[in-house]
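What you see is a predicted model; the values in this text were computed from it and never measured. The figures that follow rest on heavy atoms only: side chains count, while hydrogens, waters and symmetry mates do not. The residues of the chain are indexed from 1 along the displayed sequence.
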Amino acid sequence: MVLLALMQANAAVLDVDANCAAVDAAAGKAAAAGARLLLTPELFPVGYAPLRLRAELDPAALPALRQALAEIARRNGIALVYSLPAVTAAGEWQITATLLDEDGEELLSYAKVHLFGPEERQAFVPAAASPGVVDFHGVRTSLVICYDVEFPEAVRAAAVRGAGLLLVPTALAEGFDAVPQVLIRARALENHLTVAYANHSGTEDGCDFLGGSVIAAPDGGLLAAAGTGAELLFAELPEPDRAGPEVAYLDDLRPEIYRSWGS
């Protein structure tokens, strides 16, 4: 069995040392509890404030920050998902997520395809690459970021590539309760995979976050759910259902028909 840990917490915008210390503390607690992987929220190491990040964050500091996060994974002996801005070779800023193994080595990276709201669209450029899938301790694992999971196409792209676990760093504000309570569970059920959705708590740069992080099972049930404050969630990933899902949505897909319908 693979024990997954999910960190819900309040970041300090542009206080990298404080945020990394929070990740380090959560990684230590998670590893001590036997977790193999810690999932953290969207942009947590730098805080969620798109316009301030674009104006005040020096991209030259990002490689050292990534090294510090890799050291947190190595020191605590736990795999880690973190989310940071990245600057492409063309000079475009994107929101990314990275999965490190317990030795701090990168297993998977992903850049956000669906940007939410005017601030994200002003500060960042949307990516276009589909979610990748890697093997993590025998579990086929993929990444998307926040608003991406609200589009069935993004999750289905991971599922048809064989993902059994979808890790989702997010930054969801108050007022969008239906996303973790309804939509995340639906995505898990319709794609027969586990979805872990890690949100911020508290207020950052004027944004009040919902909290409400969840881990949803392939049958749509909840394996773990957080309240509104800082919390460390744990859930054991379900064993693969050798009999298959009760309703085999992925087996019954008809993509050639959908293409004929047009957009």
Side-chain angles (χ1 to χ4, degrees), residues 1-9 22-42 44 69-70 72-83 97-110 131-146 148-149 155 158-159 162-172 179-181 183-185 187-189 191-201 211-227 230-241:
M1 295 292 289
V2 174
L3 183 65
L4 171 68
L6 182 155
M7 174 190 183
Q8 176 172 288
V23 173
D24 194 13
K29 291 178 182 177
R36 289 189 169 180
L37 186 149
L38 174 67
L39 172 64
T40 65
E42 182 181 13
F44 187 87
L69 290 160
I72 288 172
R74 281 193 296 270
R75 184 168 57 250
N76 291 287
I78 189 170
L80 176 66
V81 173
Y82 66 80
S83 170
T98 301
L99 168 62
L100 305 176
D101 67 15
E102 54 268 34
D103 296 319
E105 298 296 324
E106 183 176 314
L107 293 178
L108 185 65
S109 64
Y110 172 82
V133 179
V134 296
D135 185 275
F136 177 77
H137 293 283
V139 179
R140 298 288 288 168
T141 301
S142 189
L143 293 168
V144 297
I145 301 172
C146 194
D148 288 324
V149 80
V155 183
L165 172 63
L166 184 67
L167 301 168
V168 190
T170 193
L172 186 73
V179 176
Q181 294 177 11
L183 193 148
I184 298 301
R185 297 174 70 175
R187 291 290 174 269
L189 174 62
N191 293 290
H192 197 61
L193 45 65
T194 299
V195 181
Y197 183 80
N199 196 20
H200 296 247
S201 62
S213 301
V214 293
I215 304 173
D219 64 0
L222 284 180
L223 299 173
E231 196 167 342
L232 191 61
L233 295 183
F234 292 92
E236 286 190 345
L237 298 183
E239 291 284 356
D241 185 353

(request) Please list, chain by chain and in numerical order, all residues satisfying side-chain contact (heavy atoms from CB on, under 4.5 Å) with Pro218, sequence neighbours excluded. (result) His192, Thr194, Pro238
(message) Can you tell me how far apart CZ (Arg185) and CD1 (Ile215) are? Round to the nearest 0.5 Å.
(response) 13.5 Å
(request) Report the residues that fulfil side-chain contact (heavy atoms from CB on, under 4.5 Å) with Ala171, sequence neighbours left out, ordered by chain and then residue number. (result) Glu42, Tyr48, His200, Phe209
(request) Return yes if some donor-acceptor pair links the side-chain N/O of Ser213 with the main-chain N/O of Asn199 below 3.5 Å, else return no. (result) yes
(request) Using the test side-chain contact (heavy atoms from CB on, under 4.5 Å), find all partners of Ala188 that sit at least two apart in sequence or belong to another chain. (result) Val195, Ala216
(request) Please list, chain by chain and in numerical order, all residues satisfying side-chain contact (heavy atoms from CB on, under 4.5 Å) with Ser201, sequence neighbours excluded. (result) Gln8, Asn10, Ala230
(request) Measure the CZ-OG1 distance between Phe136 and Thr141 for me, rounded to the nearest 0.5 Å. (result) 7.0 Å
(request) Rounded to the nearest 0.5 Å, what's the gap from CG on Leu108 to CG on Leu167? Could you check? (result) 9.0 Å
(message) List the residues meeting side-chain hydrogen bond (donor to acceptor under 3.5 Å, both in side chains) with Thr170, not counting sequence neighbours, and say none if there are none.
(response) Tyr197
Could you pull out every donor-acceptor pair under 3.5 Å between side chains of residues 24-35 and any protein atom, sequence neighbours left out?
residue	atom	partner	partner atom	Å
Asp24	OD1	Arg75	NH2	3.3
Asp24	OD1	Asn76	ND2	2.8
Asp24	OD2	Arg75	NH2	2.8

(request) Give, for atom CD1 of Ile78 and atom CD of Glu102, the distance between the pair rounded to the nearest 0.5 Å. (result) 9.0 Å
(message) Working to the nearest 0.5 angstrom, can you tell me the gap between Leu4 CG and Leu233 CG?
(response) 9.0 Å
(request) Decide yes or no on side-chain contact (heavy atoms from CB on, under 4.5 Å) for Tyr82 and Ile72, but give the supporting numbers first. (result) CA-CA 11 Å; Tyr82 66 80; Ile72 288 172; over 6 Å; no
(request) For the pair Asp101 (side chain) and Asp103 (backbone), establish whether a donor and an acceptor sit closer than 3.5 Å, ignoring hydrogens and angles. (result) yes
(request) Check side-chain hydrogen bond (donor to acceptor under 3.5 Å, both in side chains) between Asn191 and all other residues, then give those that pass, not counting sequence neighbours. (result) Arg156
(request) For Arg36, enumerate each residue passing the side-chain hydrogen bond (donor to acceptor under 3.5 Å, both in side chains) test, keeping only those at least two apart in sequence or located in another chain. (result) His137
(message) Measuring from atom CG of Leu6 to atom CG of Leu38, what distance do you get when rounded to the nearest 0.5 angstrom?
(response) 8.0 Å
